[in-house]
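What follows is one structure encoded as structure tokens, with my remarks underneath.
Everything quoted here is computed from the prediction, not taken from an experiment.
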Amino acid sequence: EDAGRYDTFIDFTWSEREGRADFERLIASDDCLVLVARAGREAVAHLVGYIHAASPTRQPVTYANLRSLYVAPTSRRQGVGDALTQAFVNWARAEGSAEAHVDAYAANEPAQRLYERHGFLVRSTARALGL
């Protein structure tokens, strides 16, 4: 949802073509975390994270990457995103990760505030130039 708002090159057909296989791979991996929040029987949010090794230019430790977090509009501002993010941080710590990382669009201010509340600090920025 936010990608479509902040990135004009998002391929909205990807999830239909490859989303199911991608999530099946993630769920089957011991290095991945997939969480779903429910309100009754309805899924209202999800979080996907994984553990990965550092690049060759960094010390040989592992990092946790919060790849995706989505909360349905009707469930926002109710603590669901906070609960999922805290569960991810707890999982990353228990897995022995040296750090937890997350990327979010700079213009997505609610996401920026969420991650800041959980202690994520801005370490670098990425910039894009449309051509």
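Sorted by first and then second residue, the pairs that involve residues 15-48 and meet ring-ring contact (aromatic ring centres under 6.0 Å, His included), not counting sequence neighbours, are F23-H46. Counting only residues at least two apart or on different chains, the side-chain hydrogen bond (donor to acceptor under 3.5 Å, both in side chains) pairs with a member in residues 48-57 are Y50-N65, S55-T57. Within the structure, salt bridge (charged side-chain N to carboxylate O under 4.0 Å, His left out) contacts touching residues 27-41 (residues at least two apart or in different chains) do not occur.
Applying the side chain to side chain donor-acceptor pair (under 3.5 Å) criterion to R113, with sequence neighbours excluded, gives no partner residue. Looking at residues two or more places apart in sequence or on another chain, you find a side chain to side chain donor-acceptor pair (under 3.5 Å) between R58 and Y63. The side chain to side chain contact (heavy atoms under 4.5 Å, CB included) test applied to V44 returns A37, A39, E42, S75, not counting sequence neighbours. For E24, the side chain to side chain donor-acceptor pair (under 3.5 Å) partners at least two apart in sequence or on another chain are R20.
Side-chain N or O atoms of E16 include none that pairs as donor or acceptor with a backbone N or O of F12 at under 3.5 Å.
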Show your reasoning for whether side chain to side chain contact (heavy atoms under 4.5 Å, CB included) applies to Y115 and L66.
CA-CA 10 Å; Y115 300 130; L66 195 166; 4.0 Å; yes
List the steps and the verdict of side chain to side chain contact (heavy atoms under 4.5 Å, CB included) for D22 and W14.
CA-CA 10 Å; D22 185 53; W14 177 88; 3.5 Å; yes
- request: Start with the C-alpha gap between V48 and L35, add the side-chain angles, then the distance that decides, and say whether side chain to side chain contact (heavy atoms under 4.5 Å, CB included) holds.
  value: CA-CA 7 Å; V48 176; L35 300 174; over 6 Å; no
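In this structure the side chain of S15 never reaches within 4.5 angstrom of the side chain of T13, judged on heavy atoms. In this structure, the side chains of R67 and L47 stay at 4.5 Å or more apart for every pair of heavy atoms.
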Using residues 122-131 as the side-chain source, report each donor-acceptor pair under 3.5 Å to any protein atom, sequence neighbours left out, with the distance given to one decimal.
residue : atom : partner : partner atom : Å
R123    : NH1  : E99     : OE1          : 3.1
R123    : NH1  : E99     : OE2          : 3.4
R123    : NH2  : E99     : OE2          : 2.4

Donor-acceptor contacts under 3.5 Å from residues 80-98 side chains, at least two apart:
residue : atom : partner : partner atom : Å
D82     : OD1  : R117    : NE           : 3.3
D82     : OD1  : R117    : NH2          : 3.2
D82     : OD1  : H118    : NE2          : 2.8
D82     : OD2  : R117    : NH2          : 3.2
T85     : OG1  : G81     : O            : 2.8
Q86     : OE1  : H118    : ND1          : 3.3
Q86     : NE2  : N90     : OD1          : 2.9
N90     : ND2  : Q86     : O            : 3.4
S97     : OG   : A92     : O            : 3.4

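For D103, the CG atom is loosely surrounded, since the number of other residues' heavy atoms within 6.0 Å does not exceed 12. Annotation for R77: atom CZ does not count as buried by contact number, only 12 or fewer foreign heavy atoms lying within 6.0 Å.
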